[in-house]
Amino acid sequence: MPAGGERSVDLVVLGSSGHAREVISIAECLGGYRVLGCVGPRPAEIRPLPAPWLGDDDWLTQAPAAVQYVIGIGSGRIRARLDRSAGRLGRPTTSLVHPAAVVGPRTSLDDGCVLWPGAILTTDVALGRHVHIGTKASVGHDSTLGDFVTLLPGSTVAGSTSIGAGVTIGAGATVIDGISIGTGALVGAGAVVIRDVPADSVVVGVPARLLRSSENQDDTPESSHIPVMRGTAWDA
């Protein structure tokens with residue numbers, strides 16, 4: 001994130017759907033970024049992007065070295081894949097924190113995190129790489145969120161909670177304090193989690209109950225639109 005008075009940072013958003021449009025809006029609210037455009041599948045004409053579409057193949061491999069990236073895709077699995085690919089190219093990433101988000105004391109954000117308006121991290125919270133905290137989602141004290149976690153709008157994670165890499169917490173869901181959620185799990189919209197959740201599982205309902213294993217699946221609609229670069233840059 002550029003400091004006050006510094007030159008604008010050239011930024012590209014990986015993704016070309018509604019999630020990417022929201023990420024672009026956060027960058028615009030912050031100032032200090034020049035959004036060059038989006039890399040990903042050609043966007044639908046129904047909802048044009050607020051920035052140029054740069055292409056879906058080798059654009060990032062040929063971009064100037066100073067260009068930074070942020071991932072505008074809702075699926076944590078796809079964010080993990082794109083981060084690995086961009087990392088092999090030596091690309092720097094940046095975090096975006098909307099001015100209306102709250103980041104409390106002794107809270108740490110690893111590279112690539114995005115916080116939407118109204119997001120709240122109270123105190124002593126640790127976020128891994130490319131964690132997305134949606135509109136009015138909140139995380140309580142002493143909680144740890146692994147890499148590529150997604151909290152959808154209005155979700156609540158109470159204090160002293162441990163959330164594994166790649167977990168998605170659905171819109172309006174609640175996780176009570178002291179819970180552990182295993183890697184790759186999915187918590188359905190509106191669920192109330194009152195006990196630990198196994199890795200690679202789906203839980204729904206009030207209180208949340210085990211629905212099925214989600215191993216090797218991706219429950220995000222964007223999973224059928226994965227930007228894949230030709231050659232070795234963005235591997236499947």
Whether [X] side chain and [Y] backbone form a donor-acceptor pair below 3.5 Å:
| X | Y | result |
| --- | --- | --- |
| Arg91 | Leu60 | yes |
| Ser85 | Arg81 | yes |
| Thr123 | Pro105 | yes |
| His130 | Val70 | no |
| Ser160 | Gly178 | no |
| Arg79 | Val149 | yes |
| Asp110 | Leu127 | no |

What distance do [X] atom [atom1] and [Y] atom [atom2] have between them, rounded to the nearest 0.5 Å?
| X | Y | atom1 | atom2 | result |
| --- | --- | --- | --- | --- |
| Leu121 | Arg106 | CG | CZ | 13.5 Å |
| Leu36 | Asp10 | CG | CG | 4.5 Å |
| Leu11 | Ile24 | CG | CD1 | 8.5 Å |
| Arg129 | Ile71 | CZ | CD1 | 8.0 Å |
| Ser155 | Lys136 | OG | NZ | 13.0 Å |
| Asp83 | Ile78 | CG | CD1 | 13.5 Å |

- prompt: With sequence neighbours excluded, what pairs up with Ala171 under the side-chain contact (heavy atoms from CB on, under 4.5 Å) test?
  reply: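 If we apply the side-chain contact (heavy atoms from CB on, under 4.5 Å) test to Ala171, skipping adjacent residues, the hits are Leu152.
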Taking every non-hydrogen atom, the tightest pair across [X] and [Y]:
| X | Y | value |
| --- | --- | --- |
| Ala65 | Pro92 | O-CD, 4.1 Å |
| Thr122 | Val125 | N-CG2, 4.1 Å |
| Gly37 | Ala51 | CA-CB, 3.9 Å |
| Tyr69 | Leu14 | CD1-CD1, 3.7 Å |
| Ser143 | Val157 | OG-CG1, 4.3 Å |
| Asp147 | Gly128 | OD1-CA, 3.3 Å |

Taking the side chain as everything from C-beta on, heavy atoms only, tell me whether [X] gets closer than 4.5 Å to [Y].
| X | Y | result |
| --- | --- | --- |
| Val175 | Val192 | no |
| Ile181 | Ile169 | yes |
| Thr183 | Val167 | no |
| Gln68 | Val12 | no |

- prompt: What orientation do Trp116 and His19 show, parallel under 30°, tilted 30 to 60°, or perpendicular over 60°?
  reply: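 Tilted, since the angle between the ring planes falls between 30° and 60°.
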field: Any pair counted as ring pair (Phe, Tyr, Trp, His ring centres under 6.0 Å), so long as it reaches residues 78-106, sequence neighbours left out
entry: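 Checked against ring pair (Phe, Tyr, Trp, His ring centres under 6.0 Å) - neighbours excluded - no pair reaches residues 78-106.
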Single-linkage hydrophobic cluster, 4.5 Å side-chain cutoff, [X] and [Y] together:
| X | Y | value |
| --- | --- | --- |
| Ile120 | Val131 | no |
| Ile133 | Ile163 | yes |
| Val203 | Leu145 | yes |
| Val114 | Phe148 | no |
| Val139 | Val102 | no |

query: Among Ile26, Thr135, Leu96, Val103, which one satisfies side-chain contact (heavy atoms from CB on, under 4.5 Å) with Leu115?
result: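 Of the listed residues Ile26, Thr135, Leu96, Val103, the side-chain contact (heavy atoms from CB on, under 4.5 Å) partner of Leu115 is Val103.
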